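The structure appears right after this line, and notes come after that.
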Amino acid sequence: MIFDAGVFIALEKPSSRGVVLALVERHLDEGVLPATTNAVLAQVWREPARQVALGRLAQTLDVYPFGDPQVVGVRCAAARTSDVVDAGLAVLSDQLDDTIITTDPNDMEALGARFVEL
């Protein structure tokens with residue numbers, strides 16, 4: 001289970017926080033540790049004092065480095081997109097043989113990533 005930035009943004013919204021927390025809890029109960037990249041966290045982390053839920057969730061994550069810039073760049077070129085953060089997640093998903101949880105299925109589809117929509 002790999003989170004894109006939209007999952008963390010949803011976590012900060014009272015209307016969708018419960019959905020995200022239930023998803024995380026279910027996977028943790030199954031022994032599946034959520035993952036993301038440091039680039040995704042950089043996209044969403046703006047006010048740590050206000051983003052308490054994000055801070056707590058970040059403590060339970062496997063946070064991977066951005067990845068090989070050449071591989072990510074080639075993935076962007078093939079998908080005709082400029083979103084290197086999403087392309088990095090697509091590459092990580094391939095490497096881990098795992099699924100991305102996303103709020104942006106169009107980008108993930110263009111990148112040829114395995115994903116499910118939040």
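None of these values were measured; they are calculated from a predicted model.
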Shortest non-hydrogen contact from [X] to [Y]?
| X | Y | answer |
| --- | --- | --- |
| A113 | I100 | CB-CD1, 3.8 Å |
| M108 | F115 | CB-CD2, 3.5 Å |
| R17 | E12 | NH2-O, 3.4 Å |

Kindly say whether [Y] contributes a backbone atom to a donor-acceptor pair with the side chain of [X] at under 3.5 angstrom?
| X | Y | answer |
| --- | --- | --- |
| T36 | F3 | yes |
| N38 | F66 | yes |
| S16 | V19 | no |

Practice task
Given salt bridge (Lys or Arg N to Asp or Glu O under 4.0 Å), test R114 with D98 step by step and report yes or no.
Solution key: CA-CA 7 Å; R114 184 175 40 182; D98 205 349; 5.7 Å; no

State the [atom1]-[atom2] distance between [X] and [Y], to the nearest 0.5 angstrom.
| X | Y | atom1 | atom2 | value |
| --- | --- | --- | --- | --- |
| L118 | D104 | CG | CG | 12.0 Å |
| T81 | N106 | OG1 | CG | 11.0 Å |
| L111 | C76 | CG | SG | 6.5 Å |
| L89 | D83 | CG | CG | 8.5 Å |

Completion exercise
Between I2 and the options L96, T99, I101, the side-chain contact (heavy atoms from CB on, under 4.5 Å) test singles out L96

Practice task
Using a cut-off of 6.0 Å, state whether more than 12 heavy atoms not belonging to Q70 lie near its atom CD.
Solution key: no

Handout entry: Set of salt bridge (Lys or Arg N to Asp or Glu O under 4.0 Å) partners for D29, sequence neighbours left out
Key = none

Handout entry: From CA spacing to verdict: side-chain contact (heavy atoms from CB on, under 4.5 Å), V40, D4
Key = CA-CA 6 Å; V40 169; D4 79 349; 5.5 Å; no

Just list the side-chain donor-acceptor pairs under 3.5 Å for residues 50-57, sequence neighbours left out, or say none.
residue: Q51; atom: OE1; partner: R46; partner atom: N; Å: 2.9
residue: Q51; atom: OE1; partner: E47; partner atom: N; Å: 3.0
residue: Q51; atom: NE2; partner: V44; partner atom: O; Å: 2.9

Handout entry: Common cluster, V74/V85, ILVMFWY with side-chain heavy-atom separation under 4.5 Å
Key = no

Problem - SB check D94 R75 (cutoff 4.0 Å) - result: yes

Problem - Test side-chain contact (heavy atoms from CB on, under 4.5 Å) applied to L41 and V63, step by step - result: CA-CA 9 Å; L41 287 178; V63 180; 3.7 Å; yes

Practice task
Would you please test V32 and R26 for side-chain contact (heavy atoms from CB on, under 4.5 Å) and show each step?
Solution key: CA-CA 9 Å; V32 177; R26 185 183 77 209; over 6 Å; no

Handout entry: Check: V116 and P105 side chains under 4.5 Å, non-hydrogen atoms
Key = no

Exercise for the section: Applying side-chain contact (heavy atoms from CB on, under 4.5 Å), run through L23 and M1 and close with a yes or a no. Expected result: CA-CA 10 Å; L23 174 72; M1 168 176 61; 4.1 Å; yes

